[in-house]
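What follows is a short report on a single structure.
Reminder, nothing fancy here: chain letters follow the sequence lines and each chain counts from 1. What's counted below: heavy atoms across the whole structure, side chains too, no hydrogens, waters or symmetry copies.
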Amino acid sequence: MDDLIVEFITETNESLAAIDLQLVGLEQNPNDKNLLGSIFRLMHTIKGTCGFLGLPRLETCAHRAENVMGRFRDGTLQVTPAYVTLIFESIDRIKMIMGELEANGKEPEGNDMDLIEKLDAVYEGRDTTGAAPAAAHGAAPASAEIDPLQALFDSTPGPADMVPNYVPAPVEAAPAPAPVAAAPAPVAAKPADDHGAKESSVASQTLRVNVDVLENLMTMVSELVLTRNQLLQIQRNSKGSEFGTPLQRLNHVVSDLQEGVMKTRMQPIGAAWSKLPRIIRDLSNELGKKIDLVMEGEETELDRQVLELIKDPLTHMVRNSGDHGIEKPSDRAAAGKPETGKIILRAFHEGGHIIIQIKDDGKGLNTERIKQKAIEKGIATAEQLAAMPKKQIHMYIFDAGFSTAEKVTSVSGRGVGMDVVRTNIEKIGGTIDLLSEEGQGSTFTIKIPLTLAIVSALIVEVAGEKYAVPQLAVQELVMGSEGGENKIEYINGTPVFRLRETLLPLVNLQAMLKLPEDKSASERVGRKNLYIIVTKVGDYVFGILVDRVFDTEEIVVKPMARMLQSIELFSGNTILGDGSVILILDPTGVAKASGEIQVASTDKSAAEEHAIRGTRTSLLLFSTGDGIPKAVPLALVARLEDVDISKIEESGDQMLIQYRDTLMPLVKFDPDMPLNEKGTQPTLVFSDGTRSMGLMVAEIIDIVEDIINVQINSDRTGYLGSTIIRNKATDIIDVGSFLKGAYKDWFKDHGEDDFDREDMKRLRRVLVVDDSPFFRNMLSPLLSVAGYDVTTAENPKRALELAEKGQFFDIIVSDIEMPEMSGFEFVEAVRKQGPWQNTPMVALSSHATKNDIERGMSLGFTKYVAKFDRDTLLNAISSTLAEQRHTEAA
Amino acid sequence: MSLSGEVTKFQKRRAGDVDEGPQMTQFLSITVGGQMFGIPILQVQDVLRQQTVTHVPLAPPEVAGALNLRGRIVTAINVRRRLGLDNLPEGSKTMSVVVEHEHELYSLIIDTVGDVLSLQSKGFEQVPPTMDTTWRDIATGIFRLENQLMVVVDVSRLLQHSVH
């Protein structure tokens with residue numbers, strides 16, 4: 001296509017966008033002289049250029065619209081909403097023709113007589129449908145007083161730049177059939193000339209550069225950065241040389257150059273917002289709502305590439321706010337709100353990021369509906385949702401296919417929007433957060449890194465392979481070890497690390513990337529040390545375990561190959577100074593995957609799972625000074641503490657210590673065990689929510705997770721049995737007996753209802769049905785600690801025998817995968833007949849596909865607990881019992 | 001960008017006399033697992049010897065990894081894997097053919113590279129329906145040469161990884 005046409009299209013599109021924006025403003029302020037003048041001028045210029053380039057259709061439309069604008073500007077025609085809509089129509093028609101021009105290189109066939117007729121009718125005062133006639137003849141002279149400086153201030157940079165190039169032509173081409181037009185023409189020339197004079201000084205400060213030229217420049221600078229890195233690397237490795245000083249100089253210069261070129265890519269975010277006022281205006285009309293769009297911080301700059309990527313998500317979210325957020329004026333009035341809803345767009349810099357907020361004062365998110373939808377779609381169960389904070393429930397709207405809009409409008413509601421928005425934002429390394437109050441409104445906060453191209457990254461090594469971690473995500477670097485002071489501990493199977501006051505969840509990168517363990521590395525002396533990269537994603541802080549840490553380097557981010565883009569753990573790749581390709585980790589992807597890893601571990605194949613589940617568990621190993629190692633199921637341990645000896649108090653024959661605002665009783669494992677003279681004593685803390693108890697031991701040895709064969713032997717009080725761990729006979733302790741030692745009344749049921757004193761006196765009876773002896777013996781103390789009276793049955797047959805004997809339970813917890821009779825068959829039998837037909841039953845299983853849950857629930861389970869997790873199970877039991885009590889009371 | 005100035009011998013040939021006759025097409029012949037394949041010469045950017053490839057964890061199995069080619073990151077595809085063949089024994093030397101597809105570069109790791117062949121279009125035949133499905137999927141047709149058959153490769157289909 002002709003270069004001239006290409007340039008024309010670019011510039012005219014900018015003018016059209018500016019006119020759109022200004023027309024919206026004009027609608028709200030019909031008498032704003034500046035807007036009138038500016039729109040007129042833009043239209044005038046477009047008309048002139050079209051005439052100059054021989055584009056008759058465009059010229060005619062622009063001309064006729066300019067005529068009407070001229071009358072507005074002169075004050076001889078009143079600006080009414082209907083007329084403004086007509087001008088909008090003209091703009092849309094021009095846009096359509098421009099589209100065809102761009103696609104085919106020429107104007108489309110046809111004419112616009114329909115539009116021209118309407119425009120001419122208005123212009124000539126023939127229009128009967130529109131509002132006020134041309135009453136204000138006397139106001140004509142006002143147009144001549146457009147202050148050139150003021151006009152300059154109002155016009156946007158794009159069209160303002162255009163004016164000096166195109167001014168000469170339009171003045172001649174103006175045909176002026178009606179007398180009124182003659183007046184504007186010379187008037188237009190005058191401000192245009194002044195414009196020209198003023199413009200040239202403004203124009204000389206800015207320059208239009210083709211985007212491709214800038215891209216090339218950027219790529220070349222990137223190559224330069226890489227070469228510089230290579231040189232620095234070589235220089236680092238060789239002992240001092242004469243290259244040292246010039247290289248330093250080169251280093252600085254290249255860094256400055258890099259910074260400078262990056263600045264050229266920065267664009268104000270207003271560019272992405274420019275279309276929004278028009279969109280909101282059309283939306284308000286379409287939906288019959290009143291919406292005010294406020295934009296703050298549109299001058300905030302960000303990288304062009306990033307801007308392109310967020311344009312659509314932003315538009316989508318603003319439309320959503322208008323469509324689903326802001327209520328109809330009548331509803332708003334009824335709720336005591338002003339009839340006009342407000343959507344505020346705000347952008348600002350923070351750290352190395354740009355923060356964009358979309359805030360509306362509409363009706364906010366309906367938490368209940370989201371919950372229902374989540375259950376319908378099977379992505380969460382009712383009790384999971386019950387335990388979730390509101391904010392977390394709100395985040396479900398970002399799931400694919402999730403739309404709670406009652407009807408799908410042409411604007412939104414198709415449920416494909418928000419997940420795409422989140423994906424697009426995360427693709428560029430950003431995060432999106434949501435805060436919503438029902439009845440008050442919602443605020444979306446997007447945080448995106450300022451630049452994609454060159455970033456600082458920490459180079460790390462895992463299993464012999466190097467990876468890059470963006471410096472921005474790295475909060476700090478700590479060293480952990482397998483044993484000793486800075487040891488990595490395990491709570492509920494998740495490795496954690498004590499970082500000052502907090503427990504940091506850890507991610508084993510080697511496992512996550514499914515990398516084979518570096519055998520040579522484990523043989524290295526002192527391999528016990530691991531580096532932990534403390535990373536923050538949104539509000540979530542966690543640690544990434546790596547083997548080695550190298551330097552921080554400036555790397556040029558290259559996007560992943562298309563076929564690899566779906567791997568969420570990587571945000572791109574780069575070439576290091578030594579020429580090797582390394583992958584760049586995406587902390588957001590790692591955070592997500594670490595959450596999912598827990599679920600994944602329960603999704604093993606059925607056969608594997610059945611073989612392992614009953615016997616594989618985590619045990620905490622400790623010693624009590626008698627040389628025989630002891631163990632306790634880790635799931636029962638709430639915390640590991642080092643109790644300060646000097647702070648232990650004695651009350652009667654009980655030892656106590658101040659622990660988190662309460663007095664916690666301390667019990668020695670072995671009454672004869674000597675305590676340390678001074679310093680601290682390792683203590684296992686057990687708790688059931690409000691009360692804690694500390695079991696003091698000599699030394700905490702380790703945590704073992706393995707397939708364990710336990711010899712059950714309950715002859716000795718205090719012991720459940722024994723097993724072989726690491727070739728040594730190890731005793732498994734019975735936590736229950738120690739708890740009784742600490743609190744005589746530990747097993748009193750706390751209960752949730754203050755009123756039911758009668759019920760509180762009776763302990764809840766739980767029946768546990770599971771074919772694994774070890775599992776039964778682990779669930780038993782777990783539930784006892786929680787205050788239940790526990791009975792176990794090794795298979796459903798035995799359980800049903802208990803039913804026949806007339807035994808009664810408050811709740812039954814049953815496994816699903818059992819050899820002779822499965823949990824499904826069991827619940828079916830129980831529900832068919834017998835004394836337990838109305839007893840609540842909780843299914844406990846690692847098989848938790850939607851089908852399993854549905855099947856279980858339809859067969860008669862009250863709840864389905866998908867993952868073995870102390871808290872989830874206890875919650876499920878207590879909430880089921882509470883529900884039961886309420887139904888009984890009713 | 002650093003490639004733009006380069007003119008490999010293949011590009012030269014492209015610019016010059018591609019069609020040696022009225023219905024002739026040129027192919028680069030390669031061997032994978034004992035079978036000869038042909039890649040339309042216009043799609044071939046480069047031929048490389050064994051390269052150091054960075055392993056990409058969690059990538060589809062036929063992706064051998066990523067490598068640095070004159071400053072551009074190229075995805076390496078293990079063609080044997082893609083075709084369902086076993087890998088060569090450890091330590092064997094391989095060759096790579098670099099192709100461009102939708103503005104990205106890919107390095108196809110194959111066994112050996114042969115000559116450039118100019119073949120008459122009329123010798124182009126349909127792929128036999130009895131051929132293995134994976135192979136049929138990536139082939140556009142075959143040529144009957146003097147001593148063997150050459151399977152013509154559809155590069156874009158080769159790059160669409162098999163569904164797991």
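- Heavy atoms only, all atoms of each residue included: B:Arg72 and A:Ile575 are closest at N-CD1, 4.3 Å.
- Counting non-hydrogen atoms of other residues, nucleotides and ligands closer than 6.0 Å to CD of B:Gln50 gives a total above 12.
- Interface remark: B:Leu58 contributes backbone and side-chain atoms alike to the contact with chain A (heavy atom separation under 4.5 Å).
- Within a 6.0 Å sphere centred on OH of A:Tyr531, other residues, nucleotides and ligands contribute 12 heavy atoms or fewer.
- Both the backbone and the side chain of A:Leu513 come within contact range of chain B, judged by heavy atoms closer than 4.5 Å.
- To the nearest 0.5 angstrom, A:Glu223 atom CD is 12.0 Å from B:Arg70 atom CZ.
- Residues B:His55 and A:Leu583 share a closest heavy-atom pair of O-CD1, 3.7 Å.
- Enclosure of atom CZ in B:Arg136 by more than 12 non-hydrogen atoms of other residues, nucleotides or ligands within 6.0 angstrom is indicated.
- B:Pro57 places a side-chain heavy atom less than 4.5 Å from the side chain of A:Leu515.
- Heavy-atom minimum distance, A:Gly579 versus B:Asn68: O-ND2, 2.9 Å.
- Here OG1 of B:Thr54 is found 8.5 Å from CD1 of A:Ile582. Values are rounded to the nearest 0.5 Å.
- Within the 4.5 angstrom heavy-atom criterion, only side-chain atoms of B:Thr75, from C-beta onward, approach chain A.
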